[in-house]
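The figures that follow rest on heavy atoms only: side chains count, while hydrogens, waters and symmetry mates do not. The first residue in the sequence is number 1, and the count goes up from there. Predicted model only: the values in this text are computed from it and were never measured.
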Amino acid sequence: MTTLSAAAAWTGHDTRLILATVLAIAVIVLLISNLKLHPLLALTIGSGVLGIVAGMPVDKLLKSFESGVGSTVASVGLLIAFGAMLGKLLADSGGADRIVDTILGRVHGKGLPWAMALVAALIGLPMFFEIGLVMLIPVVLLVAKRSGKPVLLLGIPALAGLSVLHGLIPPHPGPLAAAGALNANVGITLALGLLVGIPTVIVAGPLFGRVAARLVPDAAPPARLVPESESTDVDRRPSFAATLSTVLLPVVLMLAKALADILLGKENAVRRVLDFVGDPLVALLVAVLVGMVVLGRPARFDRAQLTKIVGDALAPIAGIVLIVAAGGGFKQTLVDAGVGDVITSLSTGAHLSPLLLGWLVAVAIRLATGSATVATVSAAGIVAPLAATLDPTHNALLVLAIGAGSLFFSHLNDAGFWLVKEYFGMSVGQTLKTWSVMETVVSVVAIALILPLGALL
């Protein structure tokens, strides 16, 4: 009888925690989608609802949220800031234009959609989705105008390249936040993210772009958005080799660290050096410092200009940092309330793959809130206890599964949906048939690659 009573009590506690989680997520969705409240406020309020309904003492609730915010800012905030600085240097120096001109100058005809995907991948590597989108749209429209190609034939590959980077590849905020929450190795996540991301971009970009161009052949961007000509100030741009080397430097350093961790012993001197310079924080810091010289010198930036550029890069990402931080607070509240343990026991009992569970949770939150970042940090918090049972490779794959789920079917509650709609001059229905389906293709193809990798590795 005592055993039965204990089981009943435990079941009742489990039910309360699950209901608290569902209610908290519903509150966050309602505040963001219906009341148009900023995600920072919505996540903070949702964390409070979760803790109170779950029966957490108020002092413990506050400490959990504050510790989650603090640890997330400490692990992710500087990385986001350094990434923004590198992106700003790339844009203001003309390095981004150099990459575009070099690639497009050598590709014509049927190769243009593939070139646009490559341009988006290179430019988008150190930039956030919205910044990369604003930078790339004029390029897409200009190339479409000059080549006579349908705008979506070129636009969809560029959007796919940006979207995959945003959801799967560090140092973007979502993957970094998920890696931090799950204690995943960023280098391994980056390597596997590239392995999954490249075929995903191919399918969702150039291949689906052909379908999208046939579905909406008459997409007509507003005339005011189509640039008349390219920038003529080419003498002050950095070289293609210098620009590409700067962009890829943090990626190479992080991948080198991941390989060293696999191939070399812990006491190996080379591994110790690579463990330091390949740490995401150090790798991005080095890239910013190198970029200030390699990108800034050809552009003839003086010290005051360089200081202004890196300073101006911080304002646009302040909101992103705070949203991610609040997501970290929500995650820690979930963990301390015991929700993660319940999810772990439920998934174990149902024999559900942690990778599939992470993807499904992220899909549900993405559909509800419209925010890939909110979906990523919230889903990472919910499935975080599962990560403790996984090896480093599967832990990294769980980060990617969550990132893939966070990209599923962008629709009317996503700011990116409206950006794409307006830039490409489409109706809501046309945007759903093209952009929204493209995002779904990205999500489904990525998880279709991640699950077999999880079985093989």
Colleague: Which atom pair, heavy atoms only, marks the closest approach of Thr333 to Gly329?
Modeller: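 Closest pair (atom of Thr333, atom of Gly329, distance): OG1-O, 2.8 Å.
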Colleague: State, to 0.1 Å, how close Met254 and Ala283 come at their nearest heavy-atom pair, and which atoms those are.
Modeller: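 Here Met254 and Ala283 meet closest at CG-CB, 4.1 Å.
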Colleague: Nearest 0.5 Å, what's the CG-CG distance between Leu306 and Leu295?
Modeller: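 These two atoms lie 9.5 Å from each other.
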Colleague: Nearest 0.5 Å please: distance from the CG atom of Leu456 over to the CG atom of Leu451.
Modeller: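 The CG atom of Leu456 sits 11.0 Å away from the CG atom of Leu451.
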Colleague: Hey, could you give me the CG/NZ distance between Leu86 and Lys88, rounded to the nearest 0.5 Å?
Modeller: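 NZ of Lys88 is found 13.0 Å from CG of Leu86.
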Colleague: Is there a side-chain contact between Ile309 and Asp312 (heavy atoms, below 4.5 Å)?
Modeller: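 Answer no - side chains too far apart.
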Colleague: Could you tell me which non-hydrogen atom of Ser427 sits nearest to which non-hydrogen atom of Lys421, and how far apart they are?
Modeller: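 Smallest interatomic distance, heavy atoms only, reads C-CE, 4.1 Å.
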Colleague: So, do Ile169 and Leu190 sit near enough that their side-chain heavy atoms are less than 4.5 Å apart?
Modeller: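 Answer yes - side chains close enough.
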Colleague: What's the separation between atom CG in Leu314 and atom CZ in Phe82, rounded to the nearest 0.5 Å?
Modeller: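 So the CG of Leu314 and the CZ of Phe82 are separated by 9.5 Å.
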Colleague: Which pair of heavy atoms, one from Ile450 and one from Ala401, lies closest together, and at what distance?
Modeller: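 Closest approach of Ile450 to Ala401: CD1-N, 3.7 Å.
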Colleague: Could you tell me the separation between the CG atom of Leu152 and the CZ atom of Phe424, rounded to the nearest 0.5 Å?
Modeller: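 Between atom CG of Leu152 and atom CZ of Phe424 there are 6.5 Å.
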Colleague: Which heavy atom of Leu112 sits nearest to which heavy atom of Leu154, and what is that distance?
Modeller: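 Scanning both residues, the minimum pair turns out to be CB-CD2, 3.7 Å.
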